[in-house]
Amino acid sequence: MNGSGWAEIALTIGLTVALGWPLGLYLGRVWAGERTWLDTVLGPVERGLYAACGVKPEKGQTWLAYAMSFLAFSIASFVVLYLILRFQDRLPLNPQGFPGLSPDLAFNTAVSFVSNTNWQSYVPETTVSTFSQMAGLTSHNFLSAAAGMALAAAVARAFAGNRSESLGDFWVDLTRISLYVLAPISLVVATAYMALGEPQSLLAHVTARTVEGARQTIALYPTASQEAIKQLGTNGGGIFNANSAHPFENPNAITNLIEIVSMNALSFGCVVAFGRIVLARKEARALVAVMTILLAAGASAIYAAEAQPAPALAAVHADASVNMEGKEVRFGAPSTAVWAAATTGASDGGVNGMHDSFMPLGGGVAMFLIQLGEIIPGGVGSGLYGMVVMALIAVFVAGLMVGRTPEYLGKKVEAREIKLAMLAVLILPLSILGFTAAALVLPVALGGLLNHGPHGLSEILYAYSSATGNNGSAFAGLTANTPWYNTTLGIAMLLGRFAYAIPVLAIAGSLAAKPKLGATTGTFPTDGPLFVGLLIGVILIMGGLQFFPALALGPIVEHFQVLHAVAAL
Amino acid sequence: MTFASAPTGDHRRKASMLSDSFSGAILGRAVGEAFVKLDPRKLTGNPVIFATEIVAILATASTALAVRDHAGWGFALQIALWLWATVLFANFAESVAEGRGKAAADSLRATRVTTKAKLIVDPKTGTILPTPAHKLGVGEIVLVEAGDVVPADGEIIEGVASVNEAAITGESAPVIRESGGDRSAVTGGTTVVSDWIKVRITSEAGNTFLDRMIAMVEGADRRKTPNEVALAVLLAGLTLIFLIAVVTLLGLGAFSGVTLDPMVLGALFICLIPTTIGGLLSAVGIAGMDRLLKVNVLATSGRAVEAAGDVDTLLLDKTGTITFGNRMATEVIPAPGVRPEAALRATLLASLGDETPEGRSIVELARNQGLVLEAPAGATVIPFSATTRQSGLEAGGETWRKGAVDAVLKSSGLAPQEAPAEFSAAVDRIARSGGTPLAVSENGVLVGVIHLKDVVKPNVKERFADLRRMGLRTVMITGDNPVTAAAIASEAGVDDFLAEATPEDKLRLIREEQGKGRLVAMCGDGANDAPALAQADVGVAMQTGAQAAREAGNMVDLDSDPTKVIEIVEVGKQMLITRGALTTFSIANDVAKYFAIIPALFVVTLPALGALNVMGLSSPKSAILSAVIFNALVIIALIPLALRGVKYRAIGAGRLLQRNLLVYGLGGLVAPFAGIKLIDLGVSALGLA
């Protein structure tokens, strides 16, 4: 650990939050349907789309109609993507001549991209065709992200409304977010990536002659454009198996910084936009503070774990001042640590190092950040509504202590909201712990495991945490491309996305219908340091209480075992 | 309580319906009931304690199996016993809370009428037929004479009587009840002490005020309040989450090579689920109603008590609540050319025959200024009349008059514009300040003006400031004109006022406030208050009030003290705070329990996890047993807090939260570390595990 490492972490997170601010104000305009400076160009496109699809933007939808639109859109997306992947061999732009994907892999992959997870059970550069990549996967990088942000907009309107039925229109939100936010920003970022050396090509590969004279085939793909939306939409699915550790996906320190910043900035922006829509800037600032503090704490913990010599190597006096295993020499410990926290906190899942090779506590913190519910700052849109659910629970638990029925942002929190919030929150332990426990005892699942003992447990626990949290990153060491893992991880992704989002929309519907109350001196304050501390406490205790036993048997015991083993040397 | 201790003017604390103690009888009965409540059917409403009982049954069965197989069963037996204790402690808490209400109900039941009523069969002849009280029908007329007990609720249609209502209110001084107006309602079970009345029965046997009161204090119709429901959902959700966490440990443990004792997993589950708040939740609610009963307020439901804590707007009648209700003389301003002593003397003489509160206040004022006079011999009192609009005294050819300014001027031979300028200025000043000017004349000559003022009760300003800090808006309701109302409103420090208010205005104001999402509390006693009382979220009817008002409100104040509504709000808040505090405490406790149990679970197979035993507990078994014992004992330890309630302070939500988070949040994190460690020391010293 050193000063420049800490400075790098602070700078990266600071830059992310700082950029989230203007982005959020702009996003708020888009959510509210206000004019933006892109209207002259994109306005006609937007109106044309509505006319073509028969959408009436002013009408608005009830929460149920909104949820049904979201589901219908997701199901249709899934079916189309599944078919593309299954039959890519009969579709154009398959210069490598890859066969269609197996049914379980196509299911897993289609769910993965529709749910904004981007878990990849396969090696992309030897599995998916250019067409599948562009028409199938990359398009869902846009659409699944836009859908998540649409839901966040609906939640914001619920708090802004006063005895209102409408949460806005899903199709309008989806269109406006894609057109005005994701597309233009991706264009700018992709151009920057190209300038910084990332390839953008429809060629299958180039052939190079190595120094030794061997012929090497190097896969290319339109990398820069995919890379931009991969991070902006907290997707994380790489074109190359090595993801952003690959020099084409992430060639240098500048692209590395842009990627980290871009994977969190829009999630922070969603909170700022929320504050703008709800007219609760101070309260939004408190949520940003909670996310920032937890993100910084996560990055610091990983850095502290990684920027020390691996005990086993230190014990034999090897030169290992930093645990460099699984890290790119180009990036080193601080960059890898802040990336790991950002990607696990944000349900992104892109990696620039191998979490599996971190020190036990470093990997454990990454896993814990996912298990907290992907709210630090979480996926685009989903991070905001996940955080709002935690805020509702925090307000309810502690809010009674001021002697009133708890309110959050002028809306009373009552039995219906708590029931739905608990329903949503319950999905995390049910899916993560349930599938993990099953996989740990079923031979069909254990066959895919390379490591045994605590590290093996961590690998499986991480996989289901990642799938349920719609993160998509993985501990290596688990062969996940088997029918068992493809199916169960696919179900976990579905649960994590839809079994969480639907109750959230129901909460939004219930809140929207309530009168908006003004704050008095008797109202629970949700904007100051006290609330920030409270919310952090509730998030950590809720998450900790659910996953502490599992973590104790995985990374925690491994950590102590490593120390013991070294002491015994 | 800040408010309860504040002086409330002439309000005298009356005997409470409830004895204020954990009497031996209540505790004894509660112990018995705790066992009766072990019946699982009685626990289905409480998922946390229900789950605890299931685990206790399983633990008992597993102990029995161990005994049969001659395996070591001492540890299992202890765990099982402590799990049963956890359930019993929770049941005991509820029973103690209920016990106080039951005791009060029993004493009320004793006052139910058993004597025969005098039913008037023929109103013309007055023929009386003795009839058992429970056979009286609605609309029938009974005669109640001195010494009789009123057989059922009714309306006086004829007569005046003084009635002792101690059976209902605990207040032994009799009150006057008469036909017509807002004091015509009588309550079954009260006793007529003088004179006689004819009463038309208004409620059937079994549905009288007394019956409803018994049902209320007994909690017969006790449904969960909205917040209680929400909290129960949260607790059930947490219970499910921990069930998942513990059950999946079987798989995780199997992979890790750890053999998990089901008994220990059960213990872990019980320690994690929020048994503390789960066990005390219903006791907190019952105790809230009891606390109201202690200040002599009856709530029809826990819902009403809870709503009281949420009240945003408080409608207060000016008279009796904010002011004493009687205008009092505060000064006498002499007319030009009249010596102050002469003016005062004339004023006093004009008032000597005036027995109204205003008149007496003038005598009082004169005495305070050192002037005491007897009425001259042979003086005659000239009573107030609506035509002369003045009153006074006549003796030996001399006259002293006081009355409405224009009337006195007229009788002094002056047109209003001829009044001396200084006099007119004084009259104006008095009117503008919200007071009432009364002119005084001596022998037909104007001598001065009396300032009658509606005097604001002492301390109300401080109380309203407290209310503001609690986040409540106070609105004063008065029939006065806006000028007078504004003056009193600013003197009393209320946030807003409604002047020249009619009952319809009141109802409209309540609806408007509710339209903005606010909860409204008010109190009232007149029959014309009934619609507003019914519309308000918390409607406190005065026990002395009209029958219609008592039925429309969702609370009845037995002391008929309109300032009581402030205490009611406090009790409501206290109940919510207590629930929140215990929930926070309960959840925060889990952290320490993990540090006790997780290392104990795994340390045999995975010795490295011994590092998590931060408390240094002596052995795995002792750690688990200590956590279970702590979990049970904490319920007992918190029963007094649950019944008494967490203190409410009017210091604003921010500071209140900070304080309670520190005590119950941080305290909840830290306390069990110390508690479990201490119990572990005891357990290992006694060799229990």
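Residue numbers begin at 1 in each chain, while the letters A, B, ... track the order of the sequences. Quick note: numbers below take in every heavy atom, side chains included, and nothing from hydrogens, waters or symmetry partners.
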Which atom of [X] lies closest to which atom of [Y], heavy atoms considered:
X	Y	result
B:P226	A:A415	O-CB, 4.4 Å
B:G251	A:L440	O-CB, 4.0 Å
B:N227	A:P406	OD1-CD, 4.0 Å
B:A230	A:F396	CB-CZ, 3.4 Å
B:L238	A:M422	N-CE, 3.6 Å
B:I598	A:A552	CG2-CB, 3.8 Å

Could you tell me whether the side chain of [Y] reaches within less than 4.5 Å of the side chain of [X], counting heavy atoms only?
X	Y	value
A:M542	B:I587	no
A:L553	B:L249	yes
B:V591	A:F548	no

*Passing option when A:L430 is tested against B:I244, B:L240, B:I241, B:T248 for side-chain contact (heavy atoms from CB on, under 4.5 Å)*: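 Of the listed options, the one satisfying the test is B:I244.
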Qualifying residue, where the test is side-chain contact (heavy atoms from CB on, under 4.5 Å) with A:V402 and the options are B:L576, B:L657, B:I577, B:N660 =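 With A:V402 as partner, side-chain contact (heavy atoms from CB on, under 4.5 Å) holds for just one option, B:L657.
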If we define contacts as heavy-atom pairs under 4.5 Å, which of [options] has the most with chain A?
options	value
B:V233, B:L268, B:D310	B:D310
B:G580, B:G517, B:P599	B:G580
B:L519, B:L472, B:D312	B:D312
B:V258, B:T578, B:L656	B:L656

Rounded to the nearest 0.5 Å, what's the gap from [atom1] on [X] to [atom2] on [Y]? Could you check?
X	Y	atom1	atom2	result
B:L582	A:M401	CG	CE	10.0 Å
A:L461	B:F255	CG	CZ	11.0 Å
A:L530	B:R655	CG	CZ	12.5 Å
A:I541	B:Y594	CD1	OH	12.0 Å
B:L252	A:L433	CG	CG	7.0 Å
A:R404	B:E306	CZ	CD	12.0 Å

Please state whether the side chain, the backbone, both or neither of [X] comes within less than 4.5 Å of a heavy atom of chain A.
X	result
B:A581	both
B:S256	side chain
B:L250	neither
B:R473	neither
B:V311	backbone

Contact class of [X] relative to chain B, heavy atoms under 4.5 angstrom:
X	value
A:V397	both
A:I427	neither
A:Q546	both
A:F547	neither
A:L446	side chain
A:K412	side chain
A:T523	backbone
A:R416	neither

Neighbour count above 12 (heavy atom, 6.0 Å) for [X] [atom1]:
X	atom1	result
B:K516	NZ	yes
B:R469	CZ	yes
A:K514	NZ	yes

Most chain B-contacting option - heavy-atom pairs closer than 4.5 Å, from [options]:
options	value
A:I460, A:L423, A:I418, A:L545	A:L545
A:V413, A:L426, A:L517, A:I393	A:L426
A:V557, A:N162, A:T405	A:T405
A:G453, A:A439, A:P515, A:A421	A:G453
A:K516, A:R163, A:E414, A:H559	A:R163

Side chain to side chain contact (heavy atoms under 4.5 Å, CB included) between B:L606 and A:Q561: does it pass, once the steps are laid out? CA-CA 9 Å; B:L606 302 167; A:Q561 283 177 343; 3.8 Å; yes
